[in-house]
Colleague: 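Can you read through this structure? Questions will come right after.
Each chain gets a letter, A, B and so on, in the order its sequence line appears, and its residues count up from 1.
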Protein chains: 2
Amino acid sequence: MTGNQRDTTDDHEPGRANRAEPESGPRRRTGGRSARVREAVLKATAELIAEQGHERIPIAEIAERSGVHQTSIYRRWRTTNAIVLDLSQERLTSLWAVPDTGSLHGDLLAYAQRAAAAMAEPDGAVLLRALIAGAAEHAAAGDNAGVDAESVAAYVDAGNIPATHPLAERGRDLLDMLDRAASRGEPRLRLFDVLDGILAPIYLRTLFRIPGMDDAYLGSLVDKCLAHAAS
Amino acid sequence: MTGNQRDTTDDHEPGRANRAEPESGPRRRTGGRSARVREAVLKATAELIAEQGHERIPIAEIAERSGVHQTSIYRRWRTTNAIVLDLSQERLTSLWAVPDTGSLHGDLLAYAQRAAAAMAEPDGAVLLRALIAGAAEHAAAGDNAGVDAESVAAYVDAGNIPATHPLAERGRDLLDMLDRAASRGEPRLRLFDVLDGILAPIYLRTLFRIPGMDDAYLGSLVDKCLAHAAS
DNA sequence: AGGCTAACGCAAGTCCTCTTGCGTTAGCGC
DNA sequence: GCGCTAACGCAAGAGGACTTGCGTTAGCCT
């Protein structure tokens with residue numbers, strides 16, 4: 001299209017995982033004004049999503065609300081979806097410091113409750129959909145989140161998630177939790193048992209707007225997970 | 001515009017649920033040319049999705065491929081997303097005649113295999129996303145798929161799904177299956193146990209492109225479901 | 001078979017999204 | 001502080017999505 005296939009999605013994590021690029025281009029300016037602009041745009045987008053309930057927000061509207069010029073937004077993100085994806089990664093990352101309650105059952109329940117609470121936010125479902133759309137875009141771009149299909153399968157067989165996968169961050173946190181439990185002598189759950197047994201139902205119910213995710217329900221999900229580990 | 005605010009999204013189910021509208025407007029023409037046009041558009045859209053791998057297809061392109069004029073498409077569906085939603089409802093409805101293998105375990109496994117196979121189609125993930133987007137649009141439009149939140153909750157408590165819900169059709173089929181099992185003397189599973197335990201993991205892995213949904217995996221999902229019913 | 005009109009084809013339009021070039025501001029290294 | 005230039009603001013402008021009015025075709029009903 002524009003002939004430049006990398007700039008749009010690369011600015012999302014400005015100063016974190018600095019891959020050792022030998023001839024890295026110009027040095028980015030991540031602080032000060034740039035950071036303020038990013039902040040303002042993300043904040044405005046979150047507000048508009050919460051108000052309107054959907055992600056189809058014209059960039060012009062985000063520009064007006066945030067006080068940032070349209071052009072700047074287009075140059076940095078190019079599409080509304082990229083903004084929402086950026087927002088969702090920030091939100092669903094910082095929010096998810098995994099609890100340490102002392103027991104696996106308690107940890108899992110707290111985790112489930114946090115996940116359910118995040119989804120219950122006014123923009124929770126929208127952010128989840130953005131995450132999904134992000135995963136789909138990666139796939140459409142040709143690669144499977146930067147890793148080829150076979151090595152992804154190898155990861156999954158080993159009970160892990162490739163580092164560039166949208167769910168990777170959460171996978172790491174969960175693995176820590178499961179390791180803690182094992183070191184306490186509690187049964188060792190596999191990562192995908194938790195993903196399938198706890199996260200998947202919460203996500204399904206969120207996406208299809210099925211209510212009833214109270215503590216009793218979440219508790220039953222956790223119990224099922226643990227029952228399998230025992231058997 | 002046309003002054004008619006219901007035609008766009010109402011043509012999806014031409015002759016099925018005729019709500020008793022007293023002063024129903026002009027009588028629709030659902031057969032012949034209209035049906036051919038609908039067929040051509042849906043077919044072209046499915047092809048383009050399978051080829052390009054995503055749903056961001058300009059209507060002009062669908063018009064060219066299908067031989068139907070842009071204007072006609074705009075008047076009937078208004079957005080690409082509506083077409084894909086239409087397509088997904090048709091596809092995911094006709095395809096899902098629920099098997100009757102003689103045992104609950106066999107039925108559930110066959111069901112899981114069909115679901116996984118449908119998701120493995122080149123356009124499976126896209127159609128699933130369209131279904132989700134459809135559910136979200138309903139929600140954004142103000143109502144919860146035509147039913148208010150409380151009555152939805154009541155349905156869910158009773159182990160059922162409201163009739164207008166995107167998953168309703170599949171829910172009905174599944175309930176039939178579960179009833180059959182109960183009448184054979186097998187344990188009675190609740191609908192949402194199947195949704196949470198089988199469909200949710202399949203959907204999660206589809207949406208996030210996690211591979212490894214082979215028969216062994218699907219079998220383990222079914223086993224877990226049944227283990228809970230026995231306990 | 002014939003009338004009525006829903007639905008389609010066609011061709012201009014209109015509106016809005018997105019781009020491009022250039023001047024200005026301000027982050028970062030010295 | 002000073003220089004360099006990344007990132008922003010601004011104002012046109014190009015391109016594509018969507019609409020509208022009207023004539024034509026063909027379902028559906030009697």
Colleague: Can you measure A:Glu39 atom CD to D:dC8 atom P for me and round it to whole angstrom units?
Modeller: 13 Å
Colleague: Report yes or no: is there a donor-acceptor pair, N or O only, under 3.5 Å between the side chain of A:Arg33 and the base of D:dG9?
Modeller: no
Colleague: Any idea which of C:dA7, D:dG27, C:dG9 is nearest the B:Arg75 side chain?
Modeller: C:dG9
Colleague: Checking B:Ile59 now: which residues fulfil side-chain contact (heavy atoms from CB on, under 4.5 Å) with it, not counting sequence neighbours?
Modeller: B:Ile73, B:Tyr74, B:Thr80
Colleague: Using the side-chain contact (heavy atoms from CB on, under 4.5 Å) criterion, which residues pair with B:Thr206? Sequence neighbours excluded.
Modeller: B:Met119, B:Ala125, B:Leu128, B:Ile202, B:Met213
Colleague: Checking B:Asp179 now: which residues fulfil side-chain hydrogen bond (donor to acceptor under 3.5 Å, both in side chains) with it, not counting sequence neighbours?
Modeller: B:Arg188
Colleague: Could you pull out all residues at least two apart from B:Arg33 that satisfy salt bridge (charged side-chain N to carboxylate O under 4.0 Å, His left out)?
Modeller: none
Colleague: Hey, is the side chain of B:Arg76 poking within less than 4.0 Å of OP1 or OP2 on C:dA7, counting only N and O atoms?
Modeller: no
Colleague: Kindly give the heavy-atom pair with the smallest separation between A:Ala168 and A:Ile161, and that separation in Å.
Modeller: CA-CG2, 3.9 Å
Colleague: Taking salt bridge (charged side-chain N to carboxylate O under 4.0 Å, His left out) as the definition, give me every residue that meets it alongside A:Arg180, ordered by chain and number, with sequence neighbours left out.
Modeller: A:Asp100, A:Asp107
Colleague: If I take atom CZ in residue B:Arg28 and atom P in nucleotide D:dC29, what distance separates them, rounded to the nearest angstrom?
Modeller: 14 Å
Colleague: Has B:Ser72 got a side-chain N or O lying under 4.0 Å from the OP1 or OP2 atom of C:dG9?
Modeller: yes
Colleague: Under the side-chain contact (heavy atoms from CB on, under 4.5 Å) rule, collect the residues that match up with A:Ala40, sequence neighbours excluded.
Modeller: A:Ser66, A:Val68
Colleague: Provide, to the nearest angstrom, the distance between the CD1 atom belonging to A:Ile73 and the P atom belonging to D:dC8.
Modeller: 10 Å
Colleague: Going by side-chain hydrogen bond (donor to acceptor under 3.5 Å, both in side chains), name the residues that satisfy it together with A:Asp196, two or more places apart in sequence or in a different chain.
Modeller: B:Arg205, B:Tyr217
Colleague: Please name all residues satisfying side-chain hydrogen bond (donor to acceptor under 3.5 Å, both in side chains) with A:Gln70, sequence neighbours left out, ordered by chain then number.
Modeller: none
Colleague: In sequence, state the C-alpha distance, the side-chain angles, and the governing distance for A:Leu199 and A:Val194, and then conclude on side-chain contact (heavy atoms from CB on, under 4.5 Å).
Modeller: CA-CA 7 Å; A:Leu199 210 61; A:Val194 179; over 6 Å; no
Colleague: Using whole Å, report how far CZ of A:Arg36 lies from C1' of D:dA6.
Modeller: 15 Å
Colleague: Looking at residues at least two apart in the chain, or sitting in another chain, which of them share a side-chain hydrogen bond (donor to acceptor under 3.5 Å, both in side chains) with B:Glu47?
Modeller: B:Lys43, B:Arg65
Colleague: Could you run down the sub-3.5 Å N/O contacts of the protein with nucleotides 11-15 of chain D?
Modeller:
| from | atom 1 | to | atom 2 | distance (Å) |
| --- | --- | --- | --- | --- |
| D:dA11 | N6 | A:Thr71 | OG1 | 3.3 |

Colleague: Find every protein N or O atom lying less than 3.5 Å from an N or O atom of nucleotides 15-18 of chain C, and list the pairs.
Modeller:
| from | atom 1 | to | atom 2 | distance (Å) |
| --- | --- | --- | --- | --- |
| C:dC18 | OP2 | A:Tyr74 | OH | 3.0 |

Colleague: Which angle, rounded to 10°, do you find between the first-five-pair axis and the last-five-pair axis of the helix from C:dA1-D:dT30 to C:dC30-D:dG1?
Modeller: 70°
Colleague: Using the closest heavy atom to pick a nucleotide of DNA chain D for each, name whichever of B:Ser34 or A:Ser34 lands nearer the 5' end.
Modeller: A:Ser34
